[in-house]
Amino acid sequence: MHTTASESLASLWDEIFGSQPDPDLWVVLATLAASLAVVVPHPLWRISRNAITIAHEGGHGLIALLTGRTLTGIRLHSDTSGLTVSRGKPHGLGMILTAAAGYTAPPLLGLGGAALLASGHITALLWLATALLVAMLVMIRNAYGALTVVVSGGTFVMVSWLTGPQVQAAFAYAVVWFLLIGGVRPAFELQAKRARGGAGDSDADQLSRLTHVPAGLWLFLFHAVSLCALMGGGRWLLEV
């Protein structure tokens, strides 16, 4: 019985962390087109942006924990805004990194996902994303946020358990393309809001107050990270 359990664990380990074959190029291009289709048109973006908000607020929360702050809760709202609350020093490196993590999280997650896919670790990406969503769910403090994260996590679980390798690969590539492409648009939206005199308490403005560096330079950093991630991650995804 012990041998059977060990063999089952070994099989599960190989299934999760082993490599899978790359999909055909047409699958990669089709998922790229699908991601563009839900990011570029504004009506669809108003819906799909919820997934970017999950990554954005998750980035704040993760870095808050990694820098020793106490994460007290995350809220996701139906207008695709969000709020992450943590306790700790109101200044210093930990607070700066936490504030900077929001707009940079989606493209950097996309870049990390592209690296996993480029090395053939499709199943590992799906399981890792599911684990991150489950961990985030514990910190959600409102009903809409919980529903959004449960639906997202449930989708990953169903794809991981109920579909074959080809569907899993297509889903994984679509998710990563979406993070890379969708990670670019929020910084431009923030720039447009600030140009109209809005978003006075944005992440860029908070960072400006924390560091005495102009908010425009922080916006430039957000643009640079998202665009570089898109170019680098896109190149990896297309090398099939």
Side-chain angles (χ1 to χ4, degrees), residues 5-36 38-39 48 50-63 65-66 101 104-138 148-184 225-240:
S6 299
E7 290 176 351
S8 297
L9 287 174
S11 177
L12 180 61
W13 179 271
D14 290 339
E15 180 181 348
I16 296 174
F17 296 102
S19 60
Q20 292 79 41
D22 293 330
D24 295 331
L25 179 59
W26 74 264
V27 174
V28 179
L29 295 177
T31 54
L32 167 59
S35 299
L36 286 169
V38 298
V39 171
S48 64
N50 283 283
I52 295 297
T53 302
I54 291 175
H56 179 115
E57 300 302 332
H60 283 313
L62 177 62
I63 298 303
L65 290 173
L66 292 178
T104 56
L108 290 179
L109 286 172
L111 184 63
L116 284 173
L117 295 181
S119 59
H121 295 297
I122 296 170
T123 304
L125 183 145
L126 296 176
W127 280 64
L128 178 60
T130 303
L132 290 173
L133 287 167
V134 170
M136 185 175 180
L137 181 61
V138 176
T148 304
V149 174
V150 166
V151 169
S152 300
T155 303
F156 275 91
V157 170
M158 286 192 296
V159 171
S160 300
W161 284 96
L162 302 179
T163 66
Q166 293 182 340
V167 175
Q168 291 181 11
F171 179 75
Y173 271 79
V175 168
V176 172
W177 275 124
F178 175 74
L179 287 171
L180 290 171
I181 298 169
V184 172
V225 170
S226 62
L227 291 171
C228 288
L230 175 59
M231 290 186 291
R235 180 178 177 182
W236 286 338
L237 293 178
L238 292 169
E239 290 178 351
V240 293

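Just so we're clear, the structure is a prediction, and the values are computed from it rather than from any experiment.
For the residue pair His121 and Gln20, the shortest heavy atom distance occurs at C-OE1, 3.7 Å. Between Gly183 and Ile52, the shortest heavy-atom distance links the atoms N-CD1, 4.1 Å. In terms of heavy atoms, Leu111 sits closest to Gly233 at CD1-N, 3.6 Å. Heavy atoms only, all atoms of each residue included: Ala105 and Ala55 are closest at CB-O, 3.4 Å. Pairing each heavy atom of Ser48 with each of Val38, the nearest pair is OG-O, 2.7 Å. Minimum heavy-atom separation, Gly110 to Leu180: C-CD2, 3.6 Å.
Listed for the Trp236 side chain is no donor-acceptor partner under 3.5 Å among the backbone atoms of Leu116. Remark: side-chain polar atoms of Gln168 are not paired, donor with acceptor, to backbone N or O of Ile122 under 3.5 angstrom. Remark: the backbone N or O of Gly153 is not paired with any side-chain donor or acceptor of Thr130 at under 3.5 angstrom.
Note that OG of Ser119 and CG of Asp22 are 9.0 Å apart. Values are rounded to the nearest 0.5 Å. In this structure, the separation between CG on Leu108 and CG on Leu179 is 10.5 Å, given to the nearest 0.5 Å. Note that CG of Leu132 and CG of Leu137 are 12.5 Å apart. Values are rounded to the nearest 0.5 Å. The structure places CG of Leu62 at 8.5 Å from CG of Leu109, a figure rounded to the nearest 0.5 Å. Distance check, rounded to the nearest 0.5 Å: OH of Tyr173 to OG of Ser35 gives 12.5 Å. Atom CG of Leu230 and atom CG of Leu237 lie 9.5 Å apart (nearest 0.5 Å).
Val176 has its side chain within reach of Leu125: a pair of non-hydrogen atoms, C-beta onward, lies under 4.5 Å apart. Contact annotation: the side chain of Phe156 approaches that of Leu133 to within less than 4.5 Å [non-hydrogen atoms, C-beta and beyond]. Between Thr31 and Phe178, every side-chain heavy-atom pair lies at or beyond the 4.5 Å cut-off.
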### Task
Test Leu238 against Leu29 for side-chain contact (heavy atoms from CB on, under 4.5 Å), laying out the working first.
CA-CA 8 Å; Leu238 292 169; Leu29 295 177; 3.9 Å; yes
### Query
Is there a side-chain contact (heavy atoms from CB on, under 4.5 Å) between Trp177 and Leu36 once you walk through the steps?
CA-CA 8 Å; Trp177 275 124; Leu36 286 169; over 6 Å; no
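For residues 228-240, the pairs satisfying salt bridge (charged side-chain N to carboxylate O under 4.0 Å, His left out) are Arg235-Glu239, with sequence neighbours left out.
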